[in-house]
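Below is one structure, written out as structure tokens; comments come after it.
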Amino acid sequence: MSPNLTALRGSVAIAGVGTFGCGKTPGFSDMELLAGAAKQAVAEAGLTMQDIDGICTASVSAPMWPMPVIEHLGIRPTFIDGTMLGGSSFIAHLMPAMLALQSGQCNAVLVCYGSAQRSSTMNRREISKTRRMLDPQPYEHPYEPMLPPSAYALSASRHMHEFGTTREQLAEVAVAARQWAQLNPTAYDRAPMTIDDVLNARMISDPLTVRDCCLVTDGGGAYVLVRADRAKDMPQKPVYVLGNGTACWNRQISSMHDVTTTATVDSGRAAFAMAGMTPGDIQVAQLYDAFTINTILFLEDLGFCKKGEGGAFVANGAIAPGGRLPVNTNGGGLSWGHPGMYGIFALIEAVRQLRGECGDRQVAGVQTALAHGNGGTLSSQSTAILGTADTL
Amino acid sequence: MTEHTTGIEIAWQQKLDGGEFVIQQCGECQRHVFFPREVCPHCGADALGWVAPAGLGTVYAVTTVRRAAEAGGDYNVSLIDLDEGVRLMSRVEGVDPADVTIGLRVKARVAKQDERGVLLFDRAEGDAP
Ligand SMILES: [Zn+2]
């Protein structure tokens, strides 16, 4: 670990977060959902939009997305990052934003996202057909994998074969997420659900049923980053960025060397090294659960358990409320909501836990949190470790 | 190094359209490569040439994509490891999707799909190598 990276530990804080229009919100565009969340995050930080001089954003539809966002918000940023790595992007934006803040290139960075995925007037079949034309995968698309679920199903099948992971253990992940969602009034799906409900649900791409797959919802999310010295005097309890690492080894699931081991191994190692911490130091984990297998893979690859032991790790309610490690305390992509790219919402939940704002789902005495984002089909990974002032 | 009059993606597909399945091998590190690329992903050498694989492989990961019967019914999608050491996505045919299991030995076949060559697999006779 470069000493320059270690020196960045705790140098930047999250001073405001916002979510807007999450769930089912017809009548709003991607931009309007983004702007709603951005307004809230900036106001929480005690700033105005004119104070924002750094922007990080990405869209699954618009490749030049920072431009219309800058235009819509009416800002003149001196730092712009439109890195698009799929759902991990908004966690991967942390490091370039930290460097820009530390160098003095800018003073307040807004990271923001919005998606009307559920309520968009263009139907999802049309969108997916268009994407296949604009961004072809000629060595996979002829076989019509249902992407993304089939890619994650392939990983799950191999995990079950190699390590004896069971469908019941996958279902544990979905049930734990649902139990957390039942404690969160903002979660989209809070109906009671059992392991059997998951196992008996409609099969999508074996071994994953519809209940092993994330929701499809609308929503916007945003957060504001400032230098740590400034954050102390701002309205919210600062949440410090202790570590961040990003890694990508492939795009296609068929290009993975081992479909049971993700680039999270590298992103997690980098984030923990920068933070000077180990998994045992983490009190709450928000892991991008687009599918139930994700949570198991990321617990392993981040080092919460050994490779192959993730299924046993999550069994018997171990990541549910009251379990040994609180995971996805908002209900996750599986039960809280999943507006196209979920990473920013994992990070926002980590911030809210560290601020102690989570009501019935609040984990007592949280000082450290991990937020992990995944992008593509187990393609890009970004890990963030956050902490309160006590961890500096 | 192969001389190309088109990019490798079209060159590979044209061979497949003509019934020929090829992969690449690096003249520097000798490792095989799939999908076709311009530079060896193992050693970085600009030394990739076409070779014909034996066509035998083993199912590495498997899923059944569920589809309504009236739309054609369920179908297999597999990741297959060729004996040459490369992995690719394909479909195993001639077997009920539920019977395509990890470890199954399979053999490549070039078929036509939408008037283009497509690489498919059938169950292979005999034991693993
Ligand atoms: Zn080579």
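The sequence lines fix the lettering, A, B, ..., with proteins before strands; numbering per chain opens at 1. Only this structure's heavy atoms are used, side chains among them; waters, hydrogens and symmetry mates stay out.
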Under 4.5 Å to a heavy atom of chain B? For A:Ile253 that would be both
Salt-bridge test for B:Arg91 and B:Glu93: reply yes if a basic N is under 4.0 Å from a carboxylate O, no otherwise.
-> yes
So A:Phe298 and A:His372, ring-ring contact (aromatic ring centres under 6.0 Å, His included) or not? Walk me through it.
-> CA-CA 8 Å; A:Phe298 301 150; A:His372 180 79; 4.6 Å; yes
Which atoms of A:Pro138 approach chain B - backbone, side chain, both or neither, heavy atom under 4.5 Å | side chain
Option that, when pairs with chain A are counted at under 4.5 Å, heavy atom only, ranks first among B:Ile102, B:Val77, B:Val65, B:Thr101 | B:Ile102
Hey, is A:Arg178 close enough to A:Asp189 for a salt bridge, meaning N to O under 4.0 Å?
-> yes
Does NZ or CZ of B:Arg87 fall inside the cone over B:Tyr60's six-membered ring, less than 6.0 Å from its centre and within 45° of the axis?
-> yes
Is it true that A:Asp135 and A:Arg251 have a side-chain N and a carboxylate O under 4.0 angstrom from each other?
-> yes
Does any heavy atom of chain B fall under 4.5 Å from the side chain of A:Gln252, the backbone, both, or neither of them?
-> side chain
Drop me the distance from A:Glu309's CD to A:Phe163's CZ, to the nearest 0.5 angstrom.
-> 9.5 Å
Look at B:Ser90, B:Ser78, B:Pro36 and state which one has the largest set of heavy-atom pairs under 4.5 Å with chain A.
-> B:Ser90
Between A:Met256 and chain B, which part of the residue has a heavy atom less than 4.5 Å away: side chain, backbone, both or neither?
-> backbone
Pick one: which of A:Leu297, A:Ile296, A:Leu208 meets side chain to side chain contact (heavy atoms under 4.5 Å, CB included) with A:Phe291?
-> A:Leu208
What part of A:Ser155 lies closer than 4.5 angstrom to a heavy atom of chain B: side chain, backbone, both or neither?
-> neither
Would you check, one step at a time, whether the test side chain to side chain donor-acceptor pair (under 3.5 Å) holds for B:Arg105 with B:Thr58?
-> CA-CA 5 Å; B:Arg105 290 289 289 164; B:Thr58 305; 2.9 Å; yes
Examine whether an atom of B:Phe34 lies under 4.5 Å from a heavy atom of chain A, and if so say whether it belongs to the side chain, the backbone or both; otherwise answer neither.
-> side chain
Top contributor to chain A interface from B:Val62, B:Val118, B:Val86 [non-hydrogen pairs under 4.5 Å] | B:Val62
Part of A:His257 within contact of chain B (heavy atom distance under 4.5 Å) = backbone
dist B:Thr63:OG1 -> B:Tyr75:OH (nearest 0.5 Å) comes out at 9.5 Å
Which answer fits B:Leu119, side chain, backbone, both or neither, if we ask what part of it has an atom under 4.5 Å from a heavy atom of chain A?
-> both
Cut-off 4.5 Å, heavy atoms of chain B, and the answer for A:Ile204 is backbone
At a heavy-atom separation under 4.5 Å, does B:Glu9 approach chain A through its side chain, its backbone, both, or neither?
-> both
